[in-house]
Each structure stands twice: as C-alpha cells, then as structure tokens.
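To start, the structure under review is shown below, and the notes come after it.
Every heavy atom of this structure was used, including side-chain atoms; hydrogens, water molecules and symmetry mates were not.
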Amino acid sequence: MPDGERERFGPVPPATGFELYRYRSAGRMRTRGWSGLYWARRTPAGDYELMSVATNEGERPVRVGTFPRESFERLYERVEWD
C-alpha cells in the first residue's frame, strides 16, 4: 500500500476479526475518490461481511453488506499493514 494511503486509512479495524482488503483492479479504476479498500471478515456461513473504510477524519466505518466467498476472494486481496 502506498505510504500516503497508509497514513490516510488508520490500521484499526472497526471490530474484532476484520482485516483490510483491496479490490484487485483498484489501480486501473477511474472512479474518483474510491480507494477500493474494505474491512472484511468471514461470516459463520463462510461469506464475507464488509464494512467501509473511513476516508475522512471523523468518519466511521459503516456496514456495506455480505459478499459471497467465491466472488470476494476472486475480486479482492488482503492488504498487509506490517
């Protein structure tokens, strides 16, 4: 992840079990202001629960919905914060 984004998006997940994921083609997208980042965690059914990543100071993550496992794993990749 580029340093500017690392500073802008705090590494603190919104709740237990969430990890940061990025849309694999985010760099090729022309959508203005969209980082392609989501917080995600597996549900008991094996799918992924998604929450938004705050892009401005004072914003809070909001629940986006549930994404089927097969599609999510094909379209998104985990982001390392090390």
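Of the possible polar contacts, one joining the Arg24 side chain to the Tyr76 backbone as a donor-acceptor pair under 3.5 Å is found.
A ring-centre distance under 6.0 Å is found for Phe72 and Phe67.
In terms of the side chain to side chain donor-acceptor pair (under 3.5 Å) criterion, residue partners of Glu59 (sequence neighbours excluded) are, by chain and number, Thr55, Asn56. Under the rule for a side chain to side chain donor-acceptor pair (under 3.5 Å), Thr43 has no partner lying at least two apart in sequence or in another chain. In this view, Glu73 and Arg42, Arg69 satisfy the salt bridge (Lys or Arg N to Asp or Glu O under 4.0 Å) rule, not counting sequence neighbours.
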Tyr48 and Thr66: side-chain contact (heavy atoms from CB on, under 4.5 Å), yes or no, with the steps?
CA-CA 5 Å; Tyr48 285 85; Thr66 303; over 6 Å; no
Would Arg41 and Trp39 count as a side-chain contact (heavy atoms from CB on, under 4.5 Å) if you check the C-alpha gap in whole Å, the side-chain angles of each, and the deciding distance to 0.1 Å?
CA-CA 7 Å; Arg41 69 178 170 189; Trp39 291 108; over 6 Å; no
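A pairwise comparison of heavy atoms in Leu37 and Arg22 identifies CD2-CB, 3.6 Å as the closest pair. Closest approach of Ala40 to Leu50, counting heavy atoms only: CB-CD1, 4.2 Å. In plain terms, the two heavy atoms of Ser52 and Pro61 that are nearest each other are O-CB, 3.2 Å.
Remark: Tyr21 OH to Glu77 CD distance equals 10.5 Å, nearest 0.5 Å.
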